[in-house]
Amino acid sequence: MAASLFVPMAPGFASWLEGVNAALVFSTYRANRLIFVGRSIGESTVDLKIKLHERLFDRPMGLYVAGESIWVATRCQIWRLDNLLTPGLFHEGGDRLYVPAASFITGDINTHELVVGGDGLPVFVNTAFSCLATVGIGCSFAPIWKPAFISKLCGDDRCHLNGIGLLDGLPTWASACGDSDGASSWRTNRRSGGVLLHIPSGDVVASGLSMPHSPRWYQGKLWLLQSGTGELGWIDDGKFQAVCALPGFARGLAFAGGCAVVGISKIRSAHFSGLAVEERLIADGMPEGLCGLRVIDLASGEILHKIDLPDPIDELFDVAVIAGVRQP
C-alpha cells in the first residue's frame with residue numbers, strides 16, 4: 001500500500017519536529033500499518049506541515065532504529081528496512097527511502113519490542129515463550145534469557161513479557177505484566193501484578209505495577225509506561241513516580257530534545273478493560289479514550305503537542321525517533 005497524507009491540524013507538532021530535527025515512526029498492529037511522521041515545508045516556515053506516510057505490514061509491533069536501518073517485528077517475521085538514499089538525494093520529496101533488505105522467519109510467537117545487539121542481530125521479546133531471544137540457524141528463535149520465575153519455555157504467554165530497555169547498548173531491563181508461572185496467569189492480576197526486571201541479575205527492581213511497558217533509560221533516569229493507569233513515569237528506589245496522565249492506554253515510548261513521545265490507544269479490547277485508566281477516562285467523559293501521539297515535557301509533565309488519529313487506527317504499539325531526518 002502506498003499512501004502519503006498531509007495533516008495540517010498539528011502545526012505545533014511539526015514545529016517541534018523541526019526544532020529537534022527528527023522524524024518519527026510508529027506501529028499499529030490492529031490496523032496493520034507502519035506509519036512515518038515527518039514534516040514538509042513550502043516557501044516559508046508558515047507552510048510547515050506534518051506529513052504521514054504509511055505501509056501495510058502483517059501485525060507490526062516492536063520498532064528499533066539502528067543507523068540507516070529500521071527493524072520491525074511483525075506476526076511471523078522480523079524485517080530490516082535499509083535507507084537507500086545518500087545525503088542530498090531525495091525520493092518523492094523524502095530524504096529517507098526505507099526498503100526491505102532482510103527478514104527472519106520466527107513463526108507466530110507474538111514478538112513485542114526488539115533491539116539490535118553488538119553483533120548486528122536482533123534481540124527480541126518472545127512474549128509467547130516468556131523469554132528474550134535472537135535469530136539462529138536451524139531454529140525459529142534462539143532463547144538467550146528468561147525471568148527466574150519462569151520454569152520452562154512454553155508458548156503459553158505466562159507473564160506477558162513485553163518490553164526491553166538498553167543501558168550503554170546492552171539489554172538491561174525487561175517489563176512484564178505478571179510474575180507467575182502458569183499459562184496466561186498474568187491476566188488474573190493486571191491492575192497490580194506487573195514487574196520490572198533487571199536482566200543481568202534477574203532481580204525484580206519494581207513490582208506492584210499495572211501492565212508496565214516500554215522501559216527506557218534517558219537523561220540518567222529509568223523511564224516506564226504504566227499502561228494500566230495510563231501514565232508516564234520513572235522508577236525511583238523501586239517505586240513508580242508518575243509525571244503525566246494520558247488520555248488512553250499508554251504504550252510506545254521514545255525521547256528527543258528533553259521530551260518524551262508516547263503512543264496512546266483507545267480502550268477497545270478486553271485486555272484493557274477493568275483497569276484504572278478506563279475508570280479515569282469514564283470519569284473524564286471519554287470512556288474509549290484517544291489514539292495518537294503525545295509529546296511531553298519531562299521537566300514539567302506538561303503535554304506540549306499531540307496528534308490524534310482517525311479510525312481505523314484505534315491503537316498504537318511502539319514509536320521510535322529517526323534523528324536528523326525530515327521526511328521518511
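The figures here come from the full heavy-atom set of this structure, side chains too, leaving out hydrogens, waters and symmetry mates. If you're wondering where the values come from, they're calculated on a predicted model, not measured in any experiment.
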Quiz item: How close do Gly289 and Leu281 get, heavy atom to heavy atom, and via which atoms?
Solution: CA-CD1, 3.8 Å
Quiz prompt | Side-chain donor/acceptor of Asp108 to backbone N/O of Cys76, under 3.5 Å | solution = no
Practice problem: Examine Val262 and Phe240 and state if one hydrophobic cluster contains both, with Ile, Leu, Val, Met, Phe, Trp and Tyr joined whenever side-chain heavy atoms are less than 4.5 Å apart. | Solution: no
Quiz item: If every non-hydrogen atom of Leu153 is compared with every non-hydrogen atom of Ser130, which pair is closest and at what distance?
Solution: CD2-O, 4.5 Å
Practice problem: Assess whether side chain to side chain contact (heavy atoms under 4.5 Å, CB included) is satisfied between Ile313 and Ile35, documenting all intermediate values. | Solution: CA-CA 11 Å; Ile313 302 173; Ile35 302 180; 3.5 Å; yes
Practice problem: May I ask you to decide if Asp297's main-chain N or O and Glu302's side chain share a donor-acceptor pair within less than 3.5 Å? | Solution: no
Practice problem: Using the side-chain contact (heavy atoms from CB on, under 4.5 Å) rule, pick out the option among Pro60, Pro122, Pro100 that qualifies with Val72. | Solution: Pro60
Practice problem: State the CG-CD1 distance between Asn126 and Ile109, to the nearest 0.5 angstrom. | Solution: 3.5 Å
Practice problem: Keeping to residues at least two apart or across chains, list the salt bridge (Lys or Arg N to Asp or Glu O under 4.0 Å) pairs with something in residues 272-285. | Solution: Arg191-Glu279
Exercise. Give a yes or no answer on whether the side chain of Trp223 reaches the backbone of Tyr218 with a donor-acceptor pair at less than 3.5 Å.
Key: yes
Quiz item: If we only count heavy atoms from C-beta on, is the Trp145 to Ile164 side-chain gap below 4.5 Å?
Solution: no
Practice problem: For Asp318 and Leu63, indicate whether the former's side chain and the latter's backbone hold a donor-acceptor pair under 3.5 Å. | Solution: yes
Practice problem: Output the distance between atom CG (Leu97) and atom OG1 (Thr86), rounded to the nearest 0.5 Å. | Solution: 11.0 Å
Practice problem: Would you please indicate yes or no on a ring centroid separation below 6.0 angstrom for His213 and His112? | Solution: no
Quiz item: Are Asp308 and Arg294 ion-paired here, with the side-chain N under 4.0 Å from a carboxylate O?
Solution: yes
Quiz item: Counting only heavy atoms not in Asp237, do more than 12 fall under 6.0 Å of its CG?
Solution: no
Exercise. Show your reasoning for whether side chain to side chain contact (heavy atoms under 4.5 Å, CB included) applies to Leu56 and Arg33.
Key: CA-CA 5 Å; Leu56 288 179; Arg33 283 167 167 82; 4.0 Å; yes
Quiz item: Between CG of Leu161 and CD1 of Ile150, what distance do you get to the nearest 0.5 Å?
Solution: 8.0 Å
Quiz item: Under a 4.5 Å cut-off applied to non-hydrogen side-chain atoms, are Tyr98 and Arg55 in contact?
Solution: no
Self-check item: Ion pair Asp58/Arg75, N-O distance below 4.0 Å
Solution: yes
Quiz prompt | Exam field: side chain Asp203 to backbone Val205, donor-acceptor pair closer than 3.5 Å | solution = no
Quiz item: Quick one: does Thr172's side chain get under 4.5 Å of Leu222's, heavy atoms only?
Solution: no
Quiz item: What distance do Phe90 atom CZ and Arg96 atom CZ have between them, rounded to the nearest 0.5 Å?
Solution: 9.5 Å
Exercise. Keeping the roles fixed (side chain from Thr28, backbone from Leu316), state whether a donor-acceptor pair exists under 3.5 Å.
Key: no
Quiz prompt | Taking every non-hydrogen atom, the tightest pair across Thr229 and Ala276 | solution = CG2-CB, 4.1 Å
Self-check item: Sub-4.5 Å side-chain heavy-atom contact between Leu197 and Phe149
Solution: yes
Quiz item: Transitively linked via ILVMFWY side-chain contacts under 4.5 Å: Leu132 with Phe129?
Solution: yes
Quiz item: Are Ile144 and Leu121 co-members of a hydrophobic cluster defined by side-chain heavy atoms under 4.5 Å apart?
Solution: yes
Quiz item: If you measure only the distance, is there a donor-acceptor pair under 3.5 Å linking the side chains of Ser175 and Asn162?
Solution: yes
Quiz item: Between His198 and Trp173, what is the shortest heavy-atom contact and its length?
Solution: CD2-NE1, 4.0 Å
Quiz item: Just by modelled atom types, is the Arg59 backbone N or O under 3.5 Å from a matching donor or acceptor in the Asn32 side chain?
Solution: yes
Quiz item: Is Leu81 linked to Val65 within one hydrophobic cluster, defined over Ile, Leu, Val, Met, Phe, Trp and Tyr using a side-chain heavy-atom separation of less than 4.5 Å?
Solution: yes
Exercise. Give the minimum heavy-atom separation between Leu232 and Leu253, together with the two atoms involved.
Key: CD1-CD1, 4.0 Å
Quiz prompt | Gln226 and Val277, any side-chain heavy atoms less than 4.5 Å apart | solution = no
Self-check item: Test item: Ser227 side-chain N/O and Ala250 main-chain N/O as donor-acceptor pair under 3.5 Å
Solution: yes
Quiz item: Any donor and acceptor pair, going by atom type alone, linking the side chain of Ser214 with main-chain N or O of Arg251 inside 3.5 Å?
Solution: no
Self-check item: Check against side chain to side chain contact (heavy atoms under 4.5 Å, CB included), Leu52 and Val37
Solution: CA-CA 5 Å; Leu52 304 186; Val37 184; 3.7 Å; yes
Quiz item: Should Asp311 and Lys266 be marked as a side chain to side chain contact (heavy atoms under 4.5 Å, CB included) after you check the CA-CA gap, both sets of side-chain angles, and the distance that decides it?
Solution: CA-CA 11 Å; Asp311 288 337; Lys266 293 183 178 180; 3.7 Å; yes
Quiz item: Do Ile322 and Leu166 belong to the same hydrophobic cluster, where Ile, Leu, Val, Met, Phe, Trp and Tyr are linked whenever their side-chain heavy atoms lie under 4.5 Å apart, directly or via other members?
Solution: no
Quiz item: Are any of the side-chain heavy atoms of Val321 and Leu24 separated by less than 4.5 Å?
Solution: yes
Quiz item: Taking side chain as C-beta onward, heavy atoms only, is Cys259 less than 4.5 Å from Trp16?
Solution: yes
Self-check item: All pairs passing salt bridge (Lys or Arg N to Asp or Glu O under 4.0 Å) where residues 142-160 contributes a residue, at least two apart
Solution: Asp156-Arg158, Arg158-Asp181
Quiz item: Using the benzene-type ring in the case of Trp, are the ring centres of Phe141 and Phe124 under 6.0 Å apart?
Solution: no
Exercise. Considering non-hydrogen atoms only, spot the tightest contact between Ala254 and Ala320 and give its length.
Key: CB-CA, 4.1 Å
Practice problem: Find out whether Phe36 and Val325 are in side-chain contact, i.e. whether some heavy atom of one side chain is under 4.5 Å from a heavy atom of the other. | Solution: no
Exercise. Measure the CE-CZ distance between Met211 and Arg187 for me, rounded to the nearest 0.5 Å.
Key: 8.5 Å
Exercise. With rounding to the nearest 0.5 Å, note down the distance linking CG in Leu170 to CD1 in Ile199.
Key: 10.0 Å
Quiz item: If only atom types and distance count, is the side chain of Glu315 paired as donor or acceptor with the main-chain N or O of Tyr29 below 3.5 Å?
Solution: yes
